[in-house]
Undergrad: 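Please find one structure pasted underneath; my questions will follow.
Only a predicted model underlies this, so the values are computations on that prediction, with no experimental measurement involved. By convention in this document, chain letters (A, B, ...) are assigned in the order of the sequence lines, proteins followed by strands, and residues within each chain are numbered from 1.
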Number of protein chains: 4
Amino acid sequence: MDAYRSSHTRGDSSDEGPIDPIRRQLIAARRNQILRAAVTVFAEKGFHRATTKDIAQTAGIAEGTIYNYFDSKGDLLIGLMMRLSRVESLDVELTDALDRDPREFLVAVACHRMALIEQNHDVLRAILPEMLVKPDLRERFYQQFARPMALVLERYVQARTASGEMAPVDVPLAVRAVQGMFLGLLVLRILGDEVLQARWDDVPKVVGALVFDGLSPQEGE
Amino acid sequence: MDAYRSSHTRGDSSDEGPIDPIRRQLIAARRNQILRAAVTVFAEKGFHRATTKDIAQTAGIAEGTIYNYFDSKGDLLIGLMMRLSRVESLDVELTDALDRDPREFLVAVACHRMALIEQNHDVLRAILPEMLVKPDLRERFYQQFARPMALVLERYVQARTASGEMAPVDVPLAVRAVQGMFLGLLVLRILGDEVLQARWDDVPKVVGALVFDGLSPQEGE
Amino acid sequence: MDAYRSSHTRGDSSDEGPIDPIRRQLIAARRNQILRAAVTVFAEKGFHRATTKDIAQTAGIAEGTIYNYFDSKGDLLIGLMMRLSRVESLDVELTDALDRDPREFLVAVACHRMALIEQNHDVLRAILPEMLVKPDLRERFYQQFARPMALVLERYVQARTASGEMAPVDVPLAVRAVQGMFLGLLVLRILGDEVLQARWDDVPKVVGALVFDGLSPQEGE
Amino acid sequence: MDAYRSSHTRGDSSDEGPIDPIRRQLIAARRNQILRAAVTVFAEKGFHRATTKDIAQTAGIAEGTIYNYFDSKGDLLIGLMMRLSRVESLDVELTDALDRDPREFLVAVACHRMALIEQNHDVLRAILPEMLVKPDLRERFYQQFARPMALVLERYVQARTASGEMAPVDVPLAVRAVQGMFLGLLVLRILGDEVLQARWDDVPKVVGALVFDGLSPQEGE
DNA sequence: CATGAATGAGCATTCATTCAT
DNA sequence: AATGAATGAATGCTCATTCAT
């Protein structure tokens, strides 16, 4: 049924009260099962070389079942992005960092991003290539991830720049550069950079130092 | 037939001597014609949605002709990467910068990368998504572009760090971060970031400042 | 389970006697509910484009329930034909007309057919296309509708021809022609003829006049 | 290439002069080959149960080749209708009959229709069921066949009615009835009526007599 | 008896590749 | 060396049917 696909709570006439939530759980579970399989297959073969049969087999279900929960193969990508954005809403952690001093803030942000990338590496690896090619995914990603993050950073930097706690830089471009750094590190890692693979956890500290202090020789050091 | 693809001088039955170079030129011209068309179509539709018919039409030739110059559709990507690496060998410009002082060096590098990206935007856009998915392309790209650049940067930073002209950072990771920044800026631009699209030429200066001075408030400023 | 479909009184283990007729009524009601839905959907989308899900939704029941009352989707068509033949048995009205004079008889027959078509337009529209394609349906329809009607007409015309009340025509072919006229008018209407749609009720009179008097100019007129 | 599908004569720059008409012939031949196969398979199994693989095998070509000449399976039906309408344009024969006296005209028309049906029985059998179900085909058929024929008949009857050579009937409905008769006879034949199958050639005479003289007993007879 | 999720055979369509001309 | 028609394997998606609850 199409009921699967919508998450609407039906306020209709039916007398079955507590059944709905259970069903909803089952539906959510199946969707996750399918998405998990999709991530695995996409990450391994890429979106196009992955077949729905692959995904079904990986998920341990029949091919048709996928279409009980998603409208199309492409919708799996969207489903993955939505799951990602749910995780992403942990931005709360970020907001906490807003009060810290700039260097700590940068490290916190870097930590947060690196961890996020680490945890969702396969998903990102599955999504990113298609995103670069499909305008709708691109838009969705940009609105859902890139822009919000950009806004947070811009506001922060703007404020600290004004108060003299940060150097007076071209805020929009500097923010893009920092964002790009995160994105680029992800890409480099996907490309197989062994250093990054081995020392991913050390990245935030280095990035923090680099972005805050720069490469210029410091007086005190 | 397959003689086209190899650049070996054929020592075969034909007695004609000076024809070879001309033929080679013709072959190179056709290959370029095809690759140009491929870039256009790939950039617009992505590798998979692009059909060989699309490419042939764009190139103004017959579909079969493509296969006289390339073994497969996938080989077009490799051809594109090889053309790119020929351009990339302009690294000479980079070597010139090696003697400059760190800040100028960084700006020079950034300028160089940004210009390279700018000029080859369509090619990169065509190649990148597939690279993230196909191990062989990945490897090729990494060996051909990422690693050499990393090495240059590493050597430079290592040297300047030792001489005290640069802060003592974790060289490998810092270099990855900087490289990632370039790569990430490319990706952000592909994703449609309007600020980057509008002000791409301003990027090197900002990146140079950011990477060299950092965001910390400077004394003199 | 399959007991539904047969009307046999089950001599099975249950001891309840008078439940059977009630159950039979319930079964008949459900079957009708389903068939009504089937007519609606078939008429709108045609047999093949109609899905069992469509039918179930229209009937307000679950998809599986259909299969408690019918063996297959195709059986719905047969069910529809059987319901139609029950209606058709109103031929009694026709038999009444047998005594009338030829012209009145023809008008009566035409009225009867037109009314029947009018009432069962959707059903016919649902059945006819499949009938033209499936031999078994074809046979069933022919035996159940076409042939009986042909026989009635043939007998009547034969008799009147013999008694001189009708012109001496090639009875079998003439009867087919008249039958064909009814069938063809139905088809034309299904094809969307607006004149027929608007003036369906006027058809019998015209058909009666046409078939009895022909298009030749009459003396008295 | 899509060039197959359009019949446009290209007035373009290419220097190949006499190649085009040859190619056009080849294309037409292939299209006919495919349509012939389609008729066979559709007539046997009906449109939906017929697979493109069936058609390809019957035509002795590969499945993909069909799609070099037709956009979709459904387009085969349209192709069939267009071929039919080309045959239909033999209406010239009909126009000749316009001058004859009414009875002869009717017989001529009937002859013409019956012959047309006879010759294109399989095609009609293939097309008709789908037509009853698909609005676009319906429309196309109505505009291309039913309406023109209706107009011819209406004009003729109108004129003869006015001049007193025909009885004053309800022209539009009478014409529909006659048209319906032809259509209905086709349907009855498809439904397997043996009398019609055996004596199809006798139909025009009987129809002519029936429609012109009617079933009323004639004076002179 | 009703339900509706799961199933998987079946099919139209695409497209990289080949090869006769 | 170019052509482009033919190919047919490959694949996403549909939907009638089943069956455990």
Undergrad: If the cut-off is 4.0 Å, is C:Tyr69 near the phosphate of E:dC1, judged by side-chain N/O to OP1 or OP2?
TA: no
Undergrad: Does the structure show a Watson-Crick or G-U wobble partner for F:dC19, both distances under 3.5 Å? Name it, or say none.
TA: E:dG4
Undergrad: Specify the separation, in whole Å, of atom CD1 of C:Ile61 and atom P of E:dC1.
TA: 14 Å
Undergrad: Just call it for A:Ala56: base, sugar-phosphate, or nothing, with non-hydrogen atoms closer than 4.0 Å on any strand.
TA: nothing
Undergrad: Of the candidate nucleotides F:dA1, F:dG12, E:dA6, which contains the atom at the shortest distance from the side chain of B:Arg23?
TA: F:dA1
Undergrad: Would you kindly give the CZ-to-C1' distance between C:Phe42 and F:dA16, to the nearest whole Å?
TA: 12 Å
Undergrad: Start at the 5' end of DNA chain F and walk down; is the nucleotide closest to A:His48 or to D:Ala62 reached first?
TA: D:Ala62
Undergrad: Measure CG/A:Asp71 against C1'/F:dC15 and give the value in whole Å, please.
TA: 15 Å
Undergrad: Of all the heavy-atom pairs spanning B:Tyr69 and B:Arg31, show the shortest one and how long it is.
TA: O-NH1, 3.0 Å
Undergrad: For a quick test of reading the model: is some side-chain N or O of C:Tyr67 closer than 4.0 Å to OP1 or OP2 of F:dT17?
TA: yes
Undergrad: Would you tell me if any nitrogen or oxygen in the side chain of A:Thr52 comes within less than 4.0 Å of OP1 or OP2 on F:dG12?
TA: yes
Undergrad: For DNA chain F, whose closest nucleotide is more 5', that of A:Lys73 or that of D:Glu63?
TA: D:Glu63
Undergrad: Both B:Ser72 and D:Phe47 contact DNA chain E. Which one's nearest nucleotide lies toward the 5' end?
TA: D:Phe47
Undergrad: May I ask you to check if A:Lys73 and A:Phe42 form a cation-pi contact, with NZ or CZ under 6.0 angstrom from the six-membered ring centre and within 45° of the axis?
TA: no
Undergrad: State whether C:Arg30 places a side-chain N or O below 4.0 Å from either non-bridging phosphate oxygen (OP1 or OP2) of E:dA2.
TA: yes
Undergrad: May I ask you to test the A:Asp122-A:Thr40 pair for a side-chain heavy-atom distance under 4.5 Å?
TA: no
Undergrad: What's the CD1-P distance between C:Ile66 and F:dC19, to the nearest Å?
TA: 17 Å
Undergrad: Looking at E:dG10, I'd like to know if its phosphate oxygens (OP1 or OP2) sit under 4.0 Å from a side-chain N or O belonging to D:Arg49.
TA: no
Undergrad: At under 4.0 Å, does any side-chain N or O of B:Asn68 touch on OP1 or OP2 of F:dA2?
TA: yes
Undergrad: Taking atom C1' in both E:dC1 and F:dT21, compute the distance separating them and give it to the nearest angstrom.
TA: 12 Å
Undergrad: Select from B:Gly64 and A:Thr65 the residue whose nearest nucleotide in DNA chain E is closer to the 5' end of that strand.
TA: A:Thr65
Undergrad: Report the distance from atom CZ of B:Phe70 to atom C1' of E:dT18, rounded to the nearest whole Å.
TA: 18 Å
Undergrad: Please determine, by modelled atom types, if C:Asn68 and C:Thr65 share a side-chain donor-acceptor pair under 3.5 angstrom.
TA: no
Undergrad: If I take atom CG in residue C:Leu26 and atom C1' in nucleotide E:dA2, what distance separates them, rounded to the nearest angstrom?
TA: 13 Å
Undergrad: Is there a side-chain contact between B:Thr51 and the phosphate of E:dC15, meaning an N or O under 4.0 Å from OP1 or OP2?
TA: no
Undergrad: Looking only at non-hydrogen atoms, find the nearest pair between C:Val41 and C:Ala50 and report the distance.
TA: CG1-CB, 3.5 Å
Undergrad: Could you state the CD1-C1' distance from B:Ile34 to F:dT3, rounded to the nearest angstrom?
TA: 13 Å
Undergrad: Under 3.5 Å, is there a donor-acceptor pair linking the side chains of D:Arg36 and D:Gln33?
TA: no
Undergrad: Using atom NZ of B:Lys53 as one end and atom C1' of F:dT3 as the other, report the distance to the nearest whole Å.
TA: 13 Å
